[in-house]
Every structure is written in structure tokens, then in C-alpha cells.
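Down below is the structure, laid out as C-alpha cells.
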Amino acid sequence: MASPAGFILTSVVPFDSDKHYGYQSTGYRSQEKSFHVVGALNHVFTRSLPLENITALQLIDKLTSVQDPKCIEAEEDRGFLGKTSCRPISMLYKELIKYCEEKLPVNIIQDHFPILCGKDTCRLYYVTLSKDKEASQSSRDKNVHFHEQNLWSVGSAHASHTPGLYHLRPSLLCFIDDITHKSNPGPDLLTIGSGLVFRKSLISPRTMPVYHEMLMLLGYHENTSKVQLQLLMDTIKYAIESIAASIISVDKEKTGYDVLGVTFHQKNKDYTIVMTSNCDQIIGDIKVVPPGDQYKDLGVLIVDLNLDLIVMNILDIQDWRMLWTEDERFMEQFSTHHLRTFQNFSLYPPYYIHDISFWIDGDSIFDDVEFHTIALQISKGNIVNVQLLDQYENAETGKTGLCYRMTYQSCDRALSYRSALEMQLLLRDELQRRLQVTLR
């Protein structure tokens with residue numbers, strides 16, 4: 001069939017469901033030449049694929065759904081560190097250790113610490129364990145959606161610990177006593193431990209509910225605290241800035257990207273670690289533990305780093321969700337096992353905006369973090385921004401009205417309007433059920 005006069009038709013590469021490439025134009029034909037177009041429209045868009053939960057949230061769902069702590073022993077439940085993979089997190093981890101070894105002898109502590117904890121702090125993902133193995137098995141066999149289980153927020157974040165109620169570890173600092181006693185950190189040995197940690201948070205491209213944490217421990221005697229602190233700061237600064245400089249030298253053609261630096265800001269006795277570039281970003285902190293707290297005559301300097309944020313700053317990745325994507329267009333950029341500046345493959349991903357308004361009782365305290373957690377869960381990680389548009393009180397009823405604007409957008413595919421609308425409707429139902437609000 002020849003093309004109608006006056007039309008410009010493009011040739012189309014068929015969609016490959018294994019590679020997730022979707023629609024791809026290969027050029028155009030001249031209006032003056034006719035050509036056959038049989039089958040030219042037989043392509044499939046990626047938005048027609050079933051919308052799956054992002055990998056990071058799948059992991060949280062899996063870990064909060066367990067009925068037996070022994071089920072949390074799989075290697076894939078502990079993130080990307082220490083693995084031979086093309087994940088940038090794994091590459092950064094190895095590079096940091098390499099540069100640290102140039103300054104100090106390094107002792108690596110493997111992550112054999114439990115993912116479930118029993119000591120309560122705040123902003124936790126709770127897990128209720130069952131002793132009934134048959135019930136456990138039947139629960140795992142059922143294909144249950146998030147909103148039917150409500151396992152992300154079982155229990156109160158501020159309640160005292162009760163038997164059978166656990167939570168996903170919010171930091172490796174939960175095991176600092178075990179780490180210091182097993183590793184015996186000294187003034188001439190840098191102890192390093194790392195692993196996945198979990199923490200509820202507000203929705204933001206740079207605030208993640210799960211990330212890879214690295215701890216560094218260095219001992220000091222009371223009269224050498226300043227010297228050891230400076231040595232530790234110099235080691236961190238040297239390692240991160242060396243990695244950043246090597247990446248920028250590889251991608252010299254990239255413009256508008258400032259050379260990264262690392263600075264330290266004192267806050268009381270401790271310090272925050274900041275990466276400076278186009279915008280400053282806190283990537284960790286240093287805690288100064290005086291002699292006598294862990295050891296009788298030895299103090300400990302503890303560094304707590306967010307490896308995901310470091311990778312995002314160094315590689316110019318603007319969305320934490322991209323670090324967990326399975327998209328080959330992302331993976332192929334690091335297939336050589338070398339860090340390089342990320343090249344965005346989705347310049348104009350579609351987004352959809354929906355507003356939601358509701359009342360809360362006057363004597364109730366609205367948990368904004370829990371609201372964001374539910375929204376992230378229901379949307380399967382496809383909400384990129386939550387904005388409070390309006391807040392006011394009704395003098396007659398004593399209730400407070402809130403109006404939020406939700407922006408739905410995927411990081412690696414074309415989200416459809418229908419999918420975004422279904423998420424919004426489901427979110428309305430879940431807020432009523434889980435936060436006891438009254439929709440307007």
C-alpha cells in the first residue's frame with residue numbers, strides 16, 4: 001500500500017519486550033516517494049506493559065512480609081555491595097576502599113548483621129512475625145497486593161517494643177557495639193562495614209526509603225583526637241574527590257558540571273560531611289565517641305556515609321529510583337565496570353498531576369511521613385513529588401483541611417494516564433482506611 005500524498009511516515013522498530021526499548025523512530029521518508037507501509041503500525045508502546053513495583057520497594061515488601069526471620073538470608077536481600085556487577089553502587093564501594101587503603105590499613109567487616117531489629121526508634125518499617133508455619137506458608141503462596149496487607153506500617157513508630165514486633169534496620173549503627181567489640185578498632189586501623197538500611201522518608205528525588213550505608217571506625221587516644229580526626233577527614237576527602245576527578249576526566253565533553261568537593265561542618269562535637277557542586281548535599285556525618293564509652297582508654301571516630309547519595313552526586317543522577325532500575329539502557333552505561341557520568345535516556349517522560357483533599361480531626365496529629373510512605377507504596381514508586389497546596393481550619397467543626405498535589409512520573413518508562421488515575425483512586429481509599437481521614 002502506497003503512502004497517501006502529503007503525509008510523512010516514519011519507519012518503526014518493533015518493540016522488544018525483553019529489552020524494554022519501546023517505540024523507536026529510524027527516520028522519515030520523502031513526501032515525493034511512495035512506499036509500502038503494511039505492518040508499519042504494528043508496534044507496542046512500553047506504557048502498555050504491566051506496571052511493576054520498582055525493585056527497591058519490592059525488597060521492602062518482601063522483607064516486611066516475612067513470617068520467619070530465617071527467610072531473610074538471601075544474598076539479594078542485602079543490596080549490591082561486594083558483588084561482581086555493573087551496578088554503580090558496587091563500583092563506588094570498591095573504589096572507596098581502594099583509595100582508603102592508600103592512606104590507612106583497612107579491615108573489612110562483612111554484613112552478617114540481622115536485617116530485622118527489635119529496638120524501637122522512629123520512622124521504621126515494621127514486621128509482625130508469626131509462629132504459625134502453616135499460616136506463614138499460605139501467606140507467602142498468596143499473590144496479595146500492598147494495599148491488602150498493610151505491612152509497611154504495622155504498629156506505632158514510637159511504641160515500646162513488644163514480642164513478635166520487629167522492624168527493618170534503620171542504620172548499621174544499631175550494631176555499633178558488636179562492630180567495635182569484634183573488630184577492635186585502633187588508631188592505626190580503619191574498620192569499614194556496609195550494608196542496606198531502611199527508613200521511611202518524605203518523597204523526593206534525593207530522599208530514598210532504602211540505601212547502602214558505609215560505616216568507618218578509627219580509634220584515637222585522648223591526646224591524639226585532633227590528629228586522628230584530621231587523618232580521617234583527609235582520607236574521606238581524598239577518596240571521594242579522587243573518584244569524582246577520575247570520572248570528570250573521562251567525560252570531558254560534559255559541560256555545566258562543577259568539580260565536586262568534600263567539606264566538613266562542625267555541629268557540637270560531631271561533624272556533617274557535605275559534597276559541594278551545583279548544590280550542596282549532606283552525604284554523612286562523623287560522630288566523636290570519647291574514651292570510656294566503648295573502650296576504657298580509647299575513643300572512636302565513627303563515619304556514617306550514604307553511598308547512594310555519593311553515587312548520585314558523582315555520576316549526576318537526579319533520581320534515586322534510577323539506581324534500582326533494571327532497564328538495560330541504564331545497565332549498559334556501566335557494563336564496562338567503570339564509573340562514568342550518567343547519560344539520561346528519557347528526556348521528557350510524561351507526568352500527570354492529581355490533587356487530593358481531606359479533613360483530619362482537630363485533636364489528631366497528621367503524620368506527614370506516613371502519608372508519603374503510603375503514597376510511595378500505592379504508586380509503586382511512581383510518585384516523584386508531593387506538594388502541600390493548602391491548609392486551613394474549620395472554626396465550626398474544629399477539623400483541619402489539607403490539600404496535596406501529587407505528581408506521578410516513572411523514572412524509566414512512559415507512565416500512562418490511566419495508570420496514574422488508578423493509583424490516585426487507590427490512594428484515596430487507602431488514606432481513609434489507614435490514616436482515618438475524611439475525603440473532601
Side-chain angles (χ1 to χ4, degrees), residues 53-54 56-57 60 64 120-126 146-147 149-159 167 170 198-211 272 279-282 309 318-321 349-411 415 417-440:
N53 200 12
I54 65 174
L57 302 186
I60 294 177
T64 54
D120 288 318
T121 54
C122 61
R123 305 307 180 202
L124 306 175
Y125 290 100
Y126 279 87
F146 278 157
H147 65 279
Q149 286 189 325
N150 188 21
L151 288 171
W152 279 21
S153 55
V154 177
S156 169
H158 303 284
H167 60 78
F198 308 82
R199 193 174 302 174
K200 292 181 180 180
S201 60
L202 299 177
I203 292 177
S204 164
R206 289 181 172 268
T207 305
M208 56 282 292
V210 52
Y211 63 92
T272 57
C279 61
D280 292 350
Q281 175 79 62
I282 296 177
L309 284 179
Q318 301 301 318
D319 192 327
W320 70 266
R321 299 175 298 172
Y351 67 91
Y352 308 95
I353 294 177
H354 293 285
D355 294 345
I356 185 169
S357 301
F358 50 83
W359 295 103
I360 58 175
D361 293 334
D363 55 350
S364 300
I365 298 177
F366 184 70
D367 192 337
D368 204 35
V369 173
E370 194 65 28
F371 168 62
H372 281 241
T373 300
I374 295 173
L376 187 68
Q377 176 187 10
I378 296 303
S379 69
K380 300 181 179 180
N382 288 292
I383 289 184
V384 70
N385 185 49
V386 178
Q387 179 186 2
L388 178 62
L389 293 182
D390 193 16
Q391 177 177 350
Y392 60 93
E393 294 184 5
N394 187 317
E396 296 181 359
T397 63
K399 294 184 177 181
T400 300
L402 299 174
C403 179
Y404 284 89
R405 174 156 293 174
M406 324 295 293
T407 303
Y408 294 84
Q409 185 181 55
S410 173
C411 70
L415 187 66
Y417 173 79
R418 180 177 179 178
S419 296
L421 180 59
E422 290 176 350
M423 294 174 190
Q424 178 73 5
L425 295 176
L426 181 57
L427 177 61
R428 290 173 61 88
D429 294 338
E430 285 300 290
L431 290 181
Q432 290 186 95
R433 186 174 69 86
R434 294 165 65 169
L435 294 184
Q436 287 77 51
V437 300
T438 303
L439 295 177
R440 294 166 50 200

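Computed over heavy atoms, backbone and side chain alike; hydrogens, waters and symmetry mates excluded.
A pairwise comparison of heavy atoms in Leu376 and Leu57 identifies O-CD1, 3.6 Å as the closest pair. Here the shortest heavy-atom pairing between Asn385 and Ile203 reads N-CG2, 4.1 Å. Taking each heavy atom of Gln318 and Pro205 in turn, the nearest pair found is O-CB, 3.2 Å. In plain terms, the two heavy atoms of Lys200 and Glu370 that are nearest each other are NZ-OE1, 3.0 Å.
Residue pairs that meet the ring pair (Phe, Tyr, Trp, His ring centres under 6.0 Å) test with at least one member in residues 421-440, sequence neighbours left out, do not exist here. Residue pairs that meet the side-chain hydrogen bond (donor to acceptor under 3.5 Å, both in side chains) test with at least one member in residues 353-366, sequence neighbours left out, are Asp355-Arg405.
Applying the side chain to side chain donor-acceptor pair (under 3.5 Å) criterion to Arg418, with sequence neighbours excluded, gives Glu422. Shown here are the side chain to side chain donor-acceptor pair (under 3.5 Å) partners of Ser410, two or more places apart in sequence or in another chain: Asp412. Every ring pair (Phe, Tyr, Trp, His ring centres under 6.0 Å) that Phe366 has, sequence neighbours left out, goes to Phe358, Phe371. Here Asp429 pairs with Gln432 under the side-chain contact (heavy atoms from CB on, under 4.5 Å) rule; sequence neighbours left out.
When atom types are taken as modelled, the side chain of Tyr352 and the backbone of Leu415 share a donor-acceptor pair closer than 3.5 angstrom. Within the 3.5 Å criterion, the main-chain N or O of Gly381 finds a donor-acceptor partner in the side chain of Arg321.
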